[in-house]
Amino acid sequence: MSFRKLSDSFLSSCICGIHSAILNRVQHDKTLDLQIRDNFINIYYRGSNLLKVTERAVDFDMNYFGGERPSDLKFPMSIKSEDDAKAVVSLIPRLKEAIDLTLGTKEKCEREFQQLVSRENNYSPISNDTDYLICDIEYTHSAYQELRFDLIAAKWPSQGAIRKKPEAMTLAVIEKKYGDGALTGSAGLHKHIADLINLASGNHLEHLKEEMVAVMQQKAQLGVIDKSELVREDRWPRINFDQNRPEWILILANHKPDSTILKRELELIAAIVNNVENFPFDIKIATANFMGYGLYEKSMIPLDEFLNIM
């Protein structure tokens with residue numbers, strides 16, 4: 001079974017070895033978002049995978065160039081030295097441009113907003129004050145490929161006393177929906193509730209918890225999370241996500257207030273949840289804190305309360 005974690009040698013190489021130029025670029029370029037996979041890294045730009053970096057190789061999706069590598073694009077296929085890593089970094093503006101031009105005709109608004117949520121809560125100027133940190137985006141369960149989630153987060157309230165207790169973290173699975181058209185169909189809200197039930201079966205949920213603990217620790221070591229309390233290594237052994245029921249959070253972007261689709265779909269979800277004995281997740285709807293994407297405990301509205309408001 002695969003596991004989201006970098007080997008000690010690759011982690012060290014990113015921090016102070018031949019890959020450090022790539023990590024340094026990510027740390028200083030807030031348009032980039034680093035995600036840890038099974039001993040490789042995905043670096044996202046505008047929600048699109050800009051680079052896949054392994055311990056020995058690097059890859060870029062040439063579909064952003066129409067499927068063929070431009071003759072003048074001298075792209076290293078391997079990373080064997082610091083110069084190779086620096087060559088990759090030098091190409092990032094060109095790769096960004098290719099993604100920009102592609103997204104000009106093939107928009108991926110939902111994924112782009114996912115990355116904004118990650119940035120706001122992990123490494124923006126206000127990230128240390130938010131109550132959630134994003135562990136992963138575009139998550140696929142390694143043992144159960146059908147289980148896919150937009151974002152996985154750790155709820156860690158920013159109040160001083162609680163922030164000093166990493167054992168008080170709560171696992172949160174987040175679904176991001178852009179526009180009312182994304183609420184129905186094969187990837188609609190109904191399917192996500194079924195996925196949550198499947199996630200809670202067997203040891204799937206425990207596997208996810210273990211992965212996210214490892215991911216948070218390594219992201220702290222890589223310097224891509226700004227929540228200061230997480231950087232302290234003495235706190236890591238106390239993280240386990242076992243004290244509280246996990247949350248499922250729905251983030252809605254640009255819902256049309258006059259539309260009846262959202263209310264209808266949420267009522268269907270409520271009916272399903274009420275018919276499942278001991279439903280394993282607390283369901284909440286995220287509301288904006290004065291239009292930003294910072295996630296705060298007080299802005300999370302339980303499903304039944306949200307339906308009453310509607």
Note, [X] side chain near [Y] side chain (heavy atom, < 4.5 Å):
{"X": "P157", "Y": "R163", "result": "no"}
{"X": "E175", "Y": "I251", "result": "no"}
{"X": "F65", "Y": "L73", "result": "yes"}
{"X": "W248", "Y": "I193", "result": "yes"}
{"X": "M300", "Y": "K155", "result": "no"}
{"X": "S127", "Y": "R119", "result": "no"}
{"X": "H190", "Y": "I269", "result": "no"}
{"X": "L11", "Y": "I15", "result": "yes"}

Atom [atom1] in [X], atom [atom2] in [Y]: separation rounded to 0.5 Å?
{"X": "T31", "Y": "L116", "atom1": "OG1", "atom2": "CG", "result": "11.0 Å"}
{"X": "E247", "Y": "D282", "atom1": "CD", "atom2": "CG", "result": "6.0 Å"}
{"X": "L51", "Y": "L32", "atom1": "CG", "atom2": "CG", "result": "8.5 Å"}
{"X": "M216", "Y": "W156", "atom1": "CE", "atom2": "CH2", "result": "8.0 Å"}
{"X": "I41", "Y": "L222", "atom1": "CD1", "atom2": "CG", "result": "6.0 Å"}
{"X": "N128", "Y": "D226", "atom1": "CG", "atom2": "CG", "result": "7.5 Å"}

State plainly whether one hydrophobic cluster holds both [X] and [Y], where clusters connect Ile, Leu, Val, Met, Phe, Trp and Tyr through side-chain heavy atoms under 4.5 angstrom apart.
{"X": "I301", "Y": "L295", "value": "no"}
{"X": "Y139", "Y": "Y178", "value": "no"}
{"X": "I126", "Y": "I134", "value": "no"}
{"X": "V89", "Y": "I18", "value": "yes"}
{"X": "L196", "Y": "F241", "value": "yes"}

Atom of [X], atom of [Y] and distance for their closest heavy-atom approach:
{"X": "M169", "Y": "A154", "value": "SD-CB, 4.0 Å"}
{"X": "I174", "Y": "A153", "value": "CD1-CB, 3.8 Å"}
{"X": "L205", "Y": "P246", "value": "CD2-CG, 4.3 Å"}
{"X": "P76", "Y": "K74", "value": "CD-O, 3.5 Å"}
{"X": "K108", "Y": "S48", "value": "CD-OG, 4.4 Å"}

Evaluate whether atom [atom1] of [X] has more than 12 neighbouring non-hydrogen atoms of other residues, nucleotides or ligands under 6.0 angstrom away.
{"X": "R25", "atom1": "CZ", "result": "yes"}
{"X": "D8", "atom1": "CG", "result": "no"}
{"X": "K30", "atom1": "NZ", "result": "yes"}

Salt bridge between [X] and [Y], side-chain N to carboxylate O under 4.0 Å?
{"X": "K284", "Y": "D304", "answer": "no"}
{"X": "E110", "Y": "K176", "answer": "no"}
{"X": "E138", "Y": "R148", "answer": "no"}
{"X": "D29", "Y": "K96", "answer": "yes"}
{"X": "D180", "Y": "K256", "answer": "no"}
{"X": "R4", "Y": "D38", "answer": "no"}
{"X": "K209", "Y": "D242", "answer": "yes"}

Indicate whether any N or O donor in one side chain lies under 3.5 Å from an N or O acceptor in the other, for K5 and Q217.
no
Measure from the side-chain N and O atoms of [X] to the backbone N and O of [Y], and report whether any donor-acceptor pair falls under 3.5 Å.
{"X": "E112", "Y": "Y45", "result": "no"}
{"X": "T130", "Y": "Y132", "result": "yes"}
{"X": "S12", "Y": "S9", "result": "no"}
{"X": "S78", "Y": "K80", "result": "no"}
{"X": "H207", "Y": "N203", "result": "no"}
{"X": "N121", "Y": "L133", "result": "no"}
{"X": "Q115", "Y": "R46", "result": "yes"}

Side chain to side chain contact (heavy atoms under 4.5 Å, CB included) between Q35 and S118, intermediate numbers included:
CA-CA 10 Å; Q35 299 299 332; S118 179; 4.0 Å; yes
Report the C-alpha distance between L262 and R264 in whole Å, list the side-chain angles of each, state the deciding distance to 0.1 Å, and finish with yes or no for side chain to side chain contact (heavy atoms under 4.5 Å, CB included).
CA-CA 5 Å; L262 177 60; R264 183 191 69 206; over 6 Å; no
Can you label the angle between the H141 ring and the H204 ring as parallel, tilted or perpendicular, going by 30° and 60°?
perpendicular
What is the ring orientation for F60 with Y64, classed by angle as parallel under 30°, tilted 30 to 60°, or perpendicular over 60°?
tilted
Between F113 and Y293, does the ring centroid distance fall short of 6.0 Å?
yes
Partner of L250 by side chain to side chain contact (heavy atoms under 4.5 Å, CB included), out of I283, L303, L266
L266
For a side chain to side chain contact (heavy atoms under 4.5 Å, CB included) check, start with the C-alpha distance between D61 and N49, then their side-chain angles and the critical distance, and finish with the verdict.
CA-CA 8 Å; D61 187 351; N49 190 10; over 6 Å; no
Is there a side chain to side chain contact (heavy atoms under 4.5 Å, CB included) between I43 and I92 once you walk through the steps?
CA-CA 11 Å; I43 298 175; I92 286 178; over 6 Å; no
